[in-house]
Number of protein chains: 2
Amino acid sequence: MQDQGGSGRATIRDVANAVGVSTATVSKVMNATGRVSAETRKAVLEAARELDFRPNAMARALQSNRSSSVGLLTDDTYGRFSLPLMAGLTEGLIAQGMSVFLCVIDGPKELGATHLDALLQKRVDGLIISGRRVDRLPDIDLTGVTVPTVYALSHGPADGVTLAPDERHGAALAVSHLIEIGRRRIAHVTGPRRFRVAMERAESWRDTLAAEGLWKEGEALHGDWSQGWGHTAAAHLIDGRPASDWPDAVFCGSDQIGLGMIDAFRERGIDVPGQIAVIGFDNWQVLAAQARPPLSSIDMNLPELGREVGRTLTRMIAGESPATGTTRLPCTLVPRASTIGPAG
Amino acid sequence: MQDQGGSGRATIRDVANAVGVSTATVSKVMNATGRVSAETRKAVLEAARELDFRPNAMARALQSNRSSSVGLLTDDTYGRFSLPLMAGLTEGLIAQGMSVFLCVIDGPKELGATHLDALLQKRVDGLIISGRRVDRLPDIDLTGVTVPTVYALSHGPADGVTLAPDERHGAALAVSHLIEIGRRRIAHVTGPRRFRVAMERAESWRDTLAAEGLWKEGEALHGDWSQGWGHTAAAHLIDGRPASDWPDAVFCGSDQIGLGMIDAFRERGIDVPGQIAVIGFDNWQVLAAQARPPLSSIDMNLPELGREVGRTLTRMIAGESPATGTTRLPCTLVPRASTIGPAG
DNA sequence: TTGAAAGCGATACCAT
DNA sequence: ATGGTATCGCTTTCAA
C-alpha cells in the first residue's frame with residue numbers, strides 16, 4: 001500500500017509503454033535531445049511524473065562511461081577542516097548531478113587501498129585527496145591511477161593539482177591588521193616546525209613585519225597547536241620581563257593557542273586587547289567567538305575552497321588540464337574584540 | 001607511458017581473450033561461483049592481475065540491481081557529531097564493498113530534494129539520515145521513498161529505524177560518577193528545553209539523584225550550549241550565596257558549558273574539583289582535554305554508533321526488519337582532573 | 001568444466 | 001518526428 005507506481009522503480013520502457021512510444025523517444029524527451037513533437041513531449045513528461053520515473057544512473061553510467069560521482073579520501077576523523085570543505089564540495093558538485101563518495105581512511109594502511117579499489121570499481125570520475133594534517137598526505141598508493149585527482153588542503157605531488165588556503169596571505173592579513181590598530185611589537189606563537197603551514201605563517205609574519213621595518217627581535221615560538229602551549233608561551237613572553245619588553249600584540253598560529261594566550265594574560269591581569277592584542281588562525285567559530293574576549297582570527301574559507309575543488313575537478317573531468325602545483329585561495333580576516341575591543 | 005595495461009580500464013572480455021576462455025568463465029572465477037578447473041582459475045586470476053582488471057561496478061549494479069552504495073544525508077556542516085559517525089559508518093560498510101555518498105544539505109530547502117533525487121537515480125541500496133540538531137531532522141521529504149532508511153542521532157518517525165546514543169544512560173553515568181567520588185549536591189546546567197537531549201539528560205540527572213535520595217532542591221538550569229552560558233550559570237549558582245549553599249559538583253550538558261563553568265570558578269578562586277567537581281558531555285577531546293583542569297566528560301561513542309548504523313542498514317538491505325523506534329547505544333565515562341583531580 | 005546468449009536500463013545512430 | 005537496434009560490461013541460465 002506504499003508503492004503507488006513502484007516509486008522510483010519504473011523503467012524507461014514503462015514510460016514508453018504508458019505513452020505508446022519507443023524508449024528512444026522517451027530518452028530524447030528526458031534529455032532534451034533530438035526532435036520530439038510538443039505533444040509527445042508533454043505526454044511523456046506526464047507519464048514520467050505519474051510513474052515517478054527516475055532514470056537509472058547505473059545504466060546511464062554504463063552507456064556513457066561517466067558515473068557522475070567522485071570519491072573523497074580523507075584521514076580526518078575529527079572533521080574540523082574536512083566537513084566545511086565537504087559542504088562546499090558537495091554543494092558545488094550536486095549542481096552537475098555529481099555525488100561524492102566519502103571515505104574516511106583513518107586506520108590500518110590497507111583500508112585506504114580497499115576504499116580506493118571500491119571507488120575505482122565504481123568508476124568514479126574523479127578523486128579528491130584531503131588530509132587531516134595539512135602537510136602530510138593520507139597514506140594511499142595512487143600508482144597507476146589515471147582518474148583526475150585534486151589534492152585539497154594537503155599537498156599532492158608537484159605534477160599534481162593542489163588547492164590550499166593561502167597561508168602566507170592569511171598570516172599577512174593578521175599581522176597587517178595588528179599593525180593597522182597601532183601595534184608595533186608583534187610576537188608569533190605557533191605550531192611545530194615540522195608543519196609546513198607553521199613555517200609558512202611564520203615566514204609571512206616575519207616578512208610582513210620586515211616590510212614595515214618593525215620589531216625584529218626574537219623568533220617565532222614553536223610548540224604544538226594547543227591551548228596549553230599558548231598558555232606556556234605567554235609565560236615565556238611575559239614572566240620575568242619588564243612590561244616594556246612585552247609584545248603589544250601576538251599573532252597565534254591557531255585559535256587554540258590564542259585561547260591559551262588570552263587565558264594566561266587574564267590570569268596575569270593583562271588587558272586584552274588594551275595591553276596586548278591577540279589574533280588566532282582557523283576561525284574555529286565555536287572556540288573563537290566564545291572566548292573572553294572573543295578572539296579575532298583568520299578564516300581559511302574552507303567551503304569556498306571546497307567549491308573551487310569541485311570546479312577544478314569538473315574541468316579536469318571535462319578534459320582540461322588546470323595548472324599543476326598548488327593554487328592558493330585567499331583567507332579572510334575576522335576581527336573580534338581581542339584586537340579591536342568591545343566597541344568594535 | 002603511464003597506462004601500462006590501461007590501468008583499471010580492462011574489461012572482463014579483455015581478460016577472457018587474454019586467457020582464451022569465455023567471459024562467463026572469467027566471471028565465475030572472479031566471483032568464486034560455479035565450477036572452474038584450478039588451472040583455468042589460476043590463469044584467469046593471473047591475467048586479471050596483469051591487466052589490472054577491476055570489474056565495472058556499474059555493470060554489475062545494473063545486472064544485480066544492487067549498487068553497493070548508500071547515501072548519507074546530513075545538515076551538519078560543522079561536523080562535530082557527523083564525522084566521527086561517518087568514520088565508523090564507512091569503516092563498517094566498506095568491509096562489504098559498500099561506499100557512502102555524503103550529502104551535506106545545509107542550505108536552501110530544495111537542496112535536500114536535489115541530493116535525494118541524485119541518490120535515488122544512483123539507486124542507492126540504503127539511506128542514512130542524520131542531523132546536526134539531535135532533535136530535529138534535516139528537512140527532506142521522504143514520501144514514497146522505499147529504500148531502507150536508518151536515522152542516526154536525530155530521531156526518525158515512530159515506524160522508522162533510529163539509532164541514537166543513550167542520553168539517559170550517559171547522564172546517569174555522569175551523576176553516578178559524581179556520587180561515587182563523594183559529591184552530594186549535584187547541580188545540572190544544560191541546553192535549551194526545546195532540545196530533546198537536554199530534557200532527557202535532565203530527567204536522568206533528576207532520577208539518578210532521587211534514586212540515591214540526594215539533594216533535590218533547585219531545577220536544572222537551561223540556557224544554550226555555550227561556554228558563555230556556563231559562565232553565567234556559574235554566577236547564578238555561586239554569587240550572593242553562602243558557600244554552604246553551593247553545589248559540590250555540576251553536571252554540564254555540554255563540554256562547552258563545562259568549560260565556561262570551570263572558567264567562572266577559577267575567576268572566583270573556587271577549586272575544581274576540590275570545592276566543586278565539574279563534568280561535561282560530548283567528550284569533545286580538543287576542548288575537554290585542554291581545559292584547565294582537563295574536563296571529565298561523557299563520550300557518546302559515535303564511531304561505534306556509526307558502525308552499528310552500518311550493520312543495521314546492511315541487515316535491512318538484506319531484507320530483515322530491525323525493531324522500529326529508537327535503539328539506544330551506551331555512552332562511556334571519561335574521567336579527567338575536573339572530577340578526580342590531578343592525582344588520578 | 002566451459003561457453004553461447006539473453007538480459008539489466010539507458011543512449012545514439014540510422015532508418016523510416 | 002519516431003522507432004529499431006546495437007551497445008555499454010557483467011551475470012546467469014542452459015547447453016554442450
Side-chain angles (χ1 to χ4, degrees), chain A residues 6-45 47-48 51-69 97 117-118 120-125, chain B residues 6-45 47-48 51-69 97 117-118 120-125:
Chain A
S7 258
R9 299 227 146 285
T11 73
I12 199 171
R13 174 149 289 131
D14 295 331
V15 179
N17 290 342
V19 184
V21 295
S22 77
T23 59
T25 301
V26 175
S27 174
K28 281 167 197 156
V29 173
M30 299 309 290
N31 299 291
T33 166
R35 326 267 118 226
V36 180
S37 78
E39 212 172 346
T40 313
R41 144 165 296 117
K42 191 166 160 256
V44 168
L45 253 20
L51 295 168
D52 193 20
F53 168 65
R54 232 178 290 265
N56 185 323
M58 301 295 133
R60 209 196 283 240
L62 188 56
Q63 144 75 29
S64 67
N65 209 26
R66 297 259 281 90
S67 67
S68 292
S69 61
D117 192 56
L120 260 17
Q121 290 195 189
K122 293 193 168 99
R123 297 298 189 265
V124 288
D125 300 328
Chain B
S7 257
R9 299 227 146 285
T11 72
I12 198 171
R13 173 148 290 131
D14 296 330
V15 178
N17 290 342
V19 183
V21 295
S22 76
T23 60
T25 302
V26 176
S27 174
K28 280 167 197 156
V29 173
M30 298 310 289
N31 299 291
T33 166
R35 324 266 119 227
V36 180
S37 77
E39 212 172 345
T40 311
R41 141 167 299 116
K42 189 163 162 256
V44 168
L45 252 20
L51 295 167
D52 193 20
F53 168 65
R54 232 178 289 265
N56 185 324
M58 302 294 132
R60 208 197 284 242
L62 187 56
Q63 145 77 28
S64 66
N65 211 24
R66 298 259 279 91
S67 67
S68 293
S69 62
D117 192 56
L120 260 18
Q121 290 194 190
K122 293 193 169 100
R123 298 296 190 267
V124 289
D125 299 330

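If you're wondering where the values come from, they're calculated on a predicted model, not measured in any experiment. Letters A, B, ... are given to chains in the order of the sequence lines, protein chains preceding strands, and every chain is numbered from 1.
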Nearest atoms (heavy-atom pairs only) where [X] meets [Y]:
{"X": "B:Val44", "Y": "B:Val15", "result": "O-CG1, 4.0 Å"}
{"X": "B:Ser67", "Y": "A:Lys122", "result": "O-CE, 3.7 Å"}
{"X": "B:Val36", "Y": "B:Lys28", "result": "CG2-CB, 3.8 Å"}
{"X": "A:Leu62", "Y": "B:Ala59", "result": "CD1-CB, 3.7 Å"}
{"X": "B:Pro55", "Y": "A:Arg123", "result": "O-NH1, 3.8 Å"}
{"X": "A:Ala10", "Y": "A:Asp14", "result": "CA-OD2, 3.4 Å"}

Can you measure [X] atom [atom1] to [N] atom [atom2] for me and round it to whole angstrom units?
{"X": "A:Phe53", "N": "C:dT11", "atom1": "CZ", "atom2": "P", "answer": "7 Å"}
{"X": "A:Asn56", "N": "D:dC8", "atom1": "CG", "atom2": "P", "answer": "18 Å"}
{"X": "B:Arg66", "N": "D:dT11", "atom1": "CZ", "atom2": "P", "answer": "14 Å"}
{"X": "A:Asn65", "N": "C:dA12", "atom1": "CG", "atom2": "P", "answer": "13 Å"}
{"X": "B:Lys42", "N": "C:dT1", "atom1": "NZ", "atom2": "P", "answer": "18 Å"}
{"X": "A:Gln121", "N": "D:dG9", "atom1": "CD", "atom2": "P", "answer": "15 Å"}
{"X": "A:Arg9", "N": "C:dC8", "atom1": "CZ", "atom2": "C1'", "answer": "12 Å"}
{"X": "B:Asp14", "N": "D:dC8", "atom1": "CG", "atom2": "C1'", "answer": "13 Å"}

Side-chain donor or acceptor of B:Gln63 under 3.5 Å from a matching atom on the base of C:dG7? yes

First encountered from the 5' end of DNA chain C, between B:Thr23 and B:Leu62: B:Thr23

Ignoring backbone atoms, test whether A:Thr25 places a side-chain nitrogen or oxygen under 4.0 Å from the OP1 or OP2 oxygen of D:dT2.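 False: A:Thr25 side-chain N/O out of range (4.0 Å or more) of D:dT2 OP1/OP2.
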
Is the phosphate of D:dT11, meaning OP1 or OP2, less than 4.0 Å from a side-chain N or O of B:Arg60?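 For D:dT11, OP1 or OP2 has a side-chain N or O of B:Arg60 closer than 4.0 Å.
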
Mind running a 4.0 Å heavy-atom check of residues 26-41 of chain B against DNA chain D and sending the residues that fall below it, in number order? B:Ser27, B:Asn31

Would B:Arg60 and A:Met58 satisfy side chain to side chain contact (heavy atoms under 4.5 Å, CB included), going step by step from the backbone distance to the final call? CA-CA 9 Å; B:Arg60 208 197 284 242; A:Met58 301 295 133; over 6 Å; no

